[in-house]
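Throughout, a chain's letter reflects where its sequence line sits, starting with A, and its residues are numbered from 1.
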2 protein chains.
Amino acid sequence: MYQQLHQSIAQFLQPSQKEKALLEEAFVFRQVPKKFKLVEEGQVATEIYFINQGLIRLYYTKDVEEITGYIFRENLFSSSYDSFLTGTPSQQTLECLEDCELLVISNNDLDELYKKMPSMHIFTRKMAEQRFINAQRILSSFILDSPEERYQKFERHNRDLLQRVPQHYIASFLGITPVSLSRIRKRLMEKK
Amino acid sequence: MYQQLHQSIAQFLQPSQKEKALLEEAFVFRQVPKKFKLVEEGQVATEIYFINQGLIRLYYTKDVEEITGYIFRENLFSSSYDSFLTGTPSQQTLECLEDCELLVISNNDLDELYKKMPSMHIFTRKMAEQRFINAQRILSSFILDSPEERYQKFERHNRDLLQRVPQHYIASFLGITPVSLSRIRKRLMEKK
DNA sequence: AGGGTTCATTAACAAAAGATAATAAGTGCT
DNA sequence: AGCACTTATTATCTTTTGTTAATGAACCCT
């Protein structure tokens with residue numbers, strides 16, 4: 001159950017047996033069904049979710065429209081990280097796109113863990129750095145690439161998600177309407 | 001000379017006198033002229049720059065075009081952070097928009113500092129978190145807002161930069177052409 | 001002071017995306 | 001199985017932005 005988590009942590013730390021036990025104590029297993037909302041807009045996020053199995057969609061709500069900000073997959077830490085870090089109400093909703101198997105750590109348990117296991121500071125630093133790098137990559141794609149190029153990159157790096165996720169979620173993640181994505185796909189089909 | 005740096009650090013840590021001395025040892029004062037390039041595209045970034053005075057522009061190069069990714073101001077840590085963290089060549093250039101007074105820390109000196117002052121892990125974690133939150137804000141503005149709204153938000157939060165920075169740098173930061181920004185400004189003028 | 005560069009605005013046209021609506025296929029639920 | 005809902009595509013029209021070019025103002029440099 002904790003194998004994937006330990007593997008993820010091993011990228012940055014070599015925890016002792018005792019520390020591994022502390023980690024397993026802090027991260028609690030939780031199963032949630034498709035469409036379950038882990039964080040709702042307006043709430044303060046108090047948990048971080050490591051995904052053993054499933055997909056989680058982060059989205060913003062603008063008027064009545066849902067706009068996908070990210071799709072988290074297996075072996076990633078998912079959260080409304082902004083809200084979690086600042087303790088302010090989340091502008092984002094976190095919703096399961098599939099039945100999910102998660103390992104959950106709360107705010108409080110993470111603070112406990114910092115005390116018992118100081119190297120956790122290093123891990124969460126690495127985690128923050130990774131999330132920065134990721135956000136930066138997506139941002140630079142918005143700055144540098146056309147919607148068509150963004151779709152092609154997405155296709156290259158996340159081919160499986162095209163099968164697992166409704167297309168209009170991907171459209172809004174790419175910053176365009178479903179109609180526009182459909183046109184882009186048609187254009188690309190005709191080129192080949 | 002180190003007052004602003006200490007103030008920035010004091011947001012997250014309460015370093016001892018000895019630790020303050022270590023910090024002053026690690027951060028080296030450097031003056032550089034307007035247009036000086038601190039990091040060039042293709043190089044690996046090995047330094048982080050705390051800005052005592054001046055402005056630094058981060059930009060991408062697409063074909064022959066320079067596209068501004070961010071403008072760093074006084075009391076911020078500026079870097080090609082992605083490259084600094086991963087040790088891979090930077091896709092970004094860091095250029096001074098004004099004569100700058102900087103406090104510079106190198107990769108190696110930061111590693112030294114981690115050893116001598118473990119709480120530095122906490123500080124850099126906070127720094128990474130801040131940069132994530134910042135990237136996230138900008139990204140969500142690209143996702144949620146029209147160019148017109150982005151400009152209005154920029155105007156609200158960075159009025160002074162409109163005076164200090166050529167408008168076409170701001171245009172590319174907002175993801176539009178200078179021509180389009182000029183049109184938007186005209187539209188907004190007429191509304192009021 | 002003068003000459004070259006950079007910069008912001010404006011105009012005209014082209015290209016792309018948004019909005020709306022209709023259709024058809026697919027999915028889920030009881 | 002059947003009905004409602006979701007989803008993807010396509011068409012039409014509108015709006016916005018990009019592209020290119022021209023103009024005049026501001027700035028820099030020696």
Side-chain angles (χ1 to χ4, degrees), chain A residues 33-36 55 57 59-60 62-68 71 95-99 141-155 159 161-192, chain B residues 33-37 55 57 59-68 71 95-99 141-152 154-155 158-159 161-192:
Chain A
K34 184 171 175 172
K35 296 201 176 172
F36 186 85
L55 290 178
R57 179 170 75 108
Y59 66 86
Y60 299 84
K62 175 153 197 174
D63 302 324
V64 291
E65 209 184 351
E66 295 177 359
I67 302 175
T68 300
I71 294 166
E95 184 188 72
C96 298
L97 290 181
E98 302 175 348
D99 295 341
S141 184
F142 267 90
I143 293 172
L144 295 171
D145 303 333
S146 67
E148 188 166 319
E149 289 170 311
R150 281 206 295 287
Y151 173 71
Q152 287 178 297
K153 283 189 182 175
F154 185 89
E155 198 182 22
R159 188 169 297 277
L161 289 190
L162 291 178
Q163 311 305 323
R164 290 170 77 181
V165 175
Q167 193 168 296
H168 64 283
Y169 291 165
I170 292 166
S172 70
F173 174 65
L174 297 173
I176 53 179
T177 59
V179 177
S180 189
L181 177 55
S182 186
R183 279 192 293 233
I184 286 171
R185 281 163 56 88
K186 191 180 178 187
R187 276 209 299 273
L188 293 175
M189 289 288 281
E190 283 166 0
K191 279 186 188 168
K192 287 172 195 170
Chain B
K34 184 171 174 171
K35 296 200 176 174
F36 186 85
K37 289 190 173 67
L55 289 178
R57 178 170 75 107
Y59 66 86
Y60 299 84
T61 309
K62 175 152 194 174
D63 305 323
V64 292
E65 209 183 350
E66 295 176 0
I67 301 175
T68 301
I71 294 166
E95 185 188 72
C96 299
L97 289 181
E98 303 174 348
D99 296 342
S141 184
F142 267 90
I143 295 173
L144 295 171
D145 303 333
S146 68
E148 189 167 319
E149 289 169 312
R150 281 206 294 286
Y151 174 71
Q152 287 178 295
F154 185 89
E155 199 182 21
N158 303 86
R159 187 171 299 278
L161 289 189
L162 290 178
Q163 311 306 324
R164 289 170 78 181
V165 175
Q167 192 168 298
H168 65 283
Y169 290 166
I170 291 166
S172 70
F173 174 65
L174 297 174
I176 54 178
T177 59
V179 177
S180 189
L181 177 54
S182 187
R183 280 191 292 231
I184 286 171
R185 282 164 56 88
K186 192 182 179 187
R187 275 209 302 270
L188 292 176
M189 289 289 281
E190 283 165 2
K191 278 185 191 170
K192 287 172 196 171

Under 4.0 Å between a side-chain N/O of [X] and OP1 or OP2 of [N], yes or no?
X	N	answer
Q167(A)	dT6(D)	no
R185(A)	dT9(D)	yes
H168(B)	dA8(C)	yes
S180(B)	dG18(D)	yes
T177(B)	dG18(D)	yes
R150(B)	dT17(D)	no

> Given side chains that start at C-beta, do those of R164(B) and L97(B) come closer than 4.5 Å, heavy atoms only?
Replying inline: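 The answer is no, as the side chains (C-beta and beyond) never meet within the 4.5 Å cut-off.
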> With side chains defined as the heavy atoms from C-beta onward, is the minimum distance between I67(A) and S172(A) less than 4.5 Å?
Replying inline: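 A side-chain contact exists here, since the closest heavy-atom pair is under 4.5 Å.
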> So what does L181(B) hit on the nucleic acid, given a heavy-atom distance under 4.0 Å: a base, only sugar-phosphate, or nothing?
Replying inline: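 The residue L181(B) makes no contact with any strand.
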> Would you call K62(A) and E149(B) a salt bridge, using N to O less than 4.0 angstrom?
Replying inline: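 Here K62(A) pairs with E149(B) in a salt bridge, since their nearest N and O are under 4.0 Å apart.
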> Roughly, in whole Å, what's the span from CG in D145(A) to P in dA16(C)?
Replying inline: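 Whole-Å distance recorded here is 16 Å.
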> Rounded to the Å, how far apart are Q163(B) CD and dC7(C) P?
Replying inline: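 Atom-to-atom, Q163(B) to dC7(C), this comes out as 16 Å.
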>> Determine whether a donor-acceptor pair (N or O, by modelled atom type, separation under 3.5 Å) exists between the side chain of D99(A) and the backbone of K34(A).
In response: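 Confirmed, D99(A) side chain pairs with K34(A) backbone.
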Choosing from [options], which nucleotide comes nearest the side chain of [X]?
X	options	value
Y169(B)	dC7(C), dT17(D), dG18(C)	dC7(C)
S182(B)	dA8(D), dG28(C), dT9(C)	dT9(C)
P166(A)	dG18(C), dA8(D), dA11(D)	dA8(D)
I184(A)	dA11(D), dA17(C), dC7(C)	dA17(C)

> Is it the case that R150(B) and S141(B) place a side-chain donor and acceptor less than 3.5 Å from each other?
Replying inline: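 Short answer, no.
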> If each of K35(B) and I176(B) is mapped to the nucleotide of DNA chain D with the nearest heavy atom, which maps nearer the 5' terminus, i.e. the 5' end?
Replying inline: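 Its nearest nucleotide lies further toward 5', so the answer is I176(B).
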